[in-house]
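Position 1 is the first residue of the sequence; numbering continues from there.
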Amino acid sequence: MVKSLRRRPFAGRRGQTTTGIFHIKTFGGEGSGNVKLTNALKSRIRTLRGLAPSFEDDATFKTEVGKALVSGEITADELATLTKDAGPTPDQVFGGKNGSAGGRPSTERPIGRHVKSGLPVLDQSGREVRLPSEDDTANAGAFLKSLAKRAGIDCITTTEDRDRLEACYRSPWAGKFGTGWTAGVPGATAKALLNDSLSGGSAAVPQFFDDALISFPLLYGELFPHVDLRNVPIGASIEGASVGNPDAVWGNPDGTEVALFDTADLVSEINTSIHPVTIAVEVSRDLLSDSPGELGRILTENCGQRLLAELDRVIALGDGTTEPEGLLNASGIGTVNTAEGVSGPPTVSDYESLLFALPKQYRSGPMRVCFLSNDTSYRRAKGIEVGTTDQRRVFGMEHENYLTLGRPHRIQTDIANGVAACVALAKYRMYRRLGFQIEWHMGGAELARRNVALLIVRGRFGGRLVDANAAAKWTDGEA
């Protein structure tokens, strides 16, 4: 049992149809009412129904297979192909009994694709982000078990747990070593520090675990995957600068001095503080005795889902004091006024004014320009009619394509109804200090009575808009 302290953002779909069950009986090949749920078939259903990659519910899968057969989304021949080879069972994959080739879970790291666009997620260098492999997930579970045992929590560790922990020490580590934060520390060094509580290495984690926690916000986030993300191995603050463009003078006659360019405002500071974010998850003590792969998958997903909501929120609305400064709170950005004000409704002209408040150089492709609002404001934009006697919509009848004036329209639910913005997300820079800090807690009568432990994961992020010309907003929209 794992209980996140925030509501999980994903949910499966439930429902049954007798027609679907009939088709499952006909094509499933495993007896009455059953279908061979291979990994390939589950992946196909998740894609068709928009389910999270972590979603697991056999009854729902079987029902959705039946619906897909009835609707023609999956043909009988395709179903036969998808169920031809059942592949490893969850116990084999996560328990390490008979996973992929060599009797272990797969070491392949698949390319991460954004769940909404389907396009590969790119890092700050333009390279495709790779997701953790099954083997990485199992190693992360063994690492979390070892920390729980070190914290005095009674959990069963097996030979496989110990072998996987040794595998962790063969990879680079990141985090706090001694008095400073660093990355790329050899595993042998990390092992020595972790085994010596006086050395100050107890806050270190394998770097692949750091990356695994970030994969959820990258794959599912509205804003986080599109900002300029920089990894920072050291420091509690970032000191940087923004360099402007000098003036050019034409037609200066001979004998006349060229006016000197005043460089006082040419370079401006863009200093940023690093702020901690804390993730708290209650974990059943029974789960701590489970296979390392299952434990690693569940806990990294829960922590990743918590980060998913928080990172998008602070990019949009962060106060800049206890958290990164959000786009809508950035100083100096342009402000436009809506035609109808708080009484609304919004107009096409309002969105045109918002878009063209950004200079043309910021509206190029690499700048990743988008509109930003909550879902209610987006719905109102899609509801703008062609005319009082024409119920067609100006922005088209595809209401869930999340496009406005041909630009992506990104959603953050905490934004107020009367607020919207147009931003070049490439100009929002977010810093991530490598090395999440992990702590297990078992103290307290409440945790003991409920037989649960508390997992605390602390990350550190900083961020701000580096160019005020790259964003514009209105705050007087329809309330």
Side chain proximity check, F395 to T404, heavy atoms < 4.5 angstrom:
yes

Going through the checks in order, is the side-chain hydrogen bond (donor to acceptor under 3.5 Å, both in side chains) test met by N401 and K382?
CA-CA 10 Å; N401 60 4; K382 282 294 186 180; 3.0 Å; yes

Between F224 and P217, which heavy-atom pair has the shortest distance, and what is it?
CD2-CB, 3.5 Å

For a 4.5 angstrom cut-off between non-hydrogen side-chain atoms, does R429 reach V227?
no

For Y428, does its backbone N or O pair with a side-chain atom of D228 as donor and acceptor, under 3.5 Å?
no

When you look at CD of Q361, are more than 12 heavy atoms from neighbouring residues, nucleotides or ligands closer to it than 6.0 Å?
yes

Spatial distance of atom CD1 (I74) from atom CG (L41) [nearest 0.5 Å]
6.0 Å

When W474, F356, Y378 are each screened for ring-ring contact (aromatic ring centres under 6.0 Å, His included) with Y351, the one that passes is W474

Indicate yes or no for a side-chain donor-acceptor contact from E325 to the backbone of G320 under 3.5 Å, with no hydrogens or angles considered.
no

Taking side chain as C-beta onward, heavy atoms only, is H114 less than 4.5 Å from P225?
yes

Which heavy atom of L317 sits nearest to which heavy atom of I415, and what is that distance?
CD1-N, 3.8 Å

Would you say I279 and I456 make side-chain contact, with heavy atoms under 4.5 Å?
no

Please name the pair of heavy atoms, one in C303 and one in V457, separated by the smallest distance, quoted to 0.1 Å.
SG-CG2, 3.8 Å

K42/E56 salt bridge by N-O under 4.0 Å criterion
yes

Do the non-hydrogen side-chain atoms of D136 and R109 ever get within less than 4.5 Å of each other?
yes

With heavy-atom distances below 4.5 Å as the criterion, would you say the side chains of R164 and D135 are in contact?
yes

W173 and ring-ring contact (aromatic ring centres under 6.0 Å, His included): which single residue from F436, F208, F143 fits?
F143

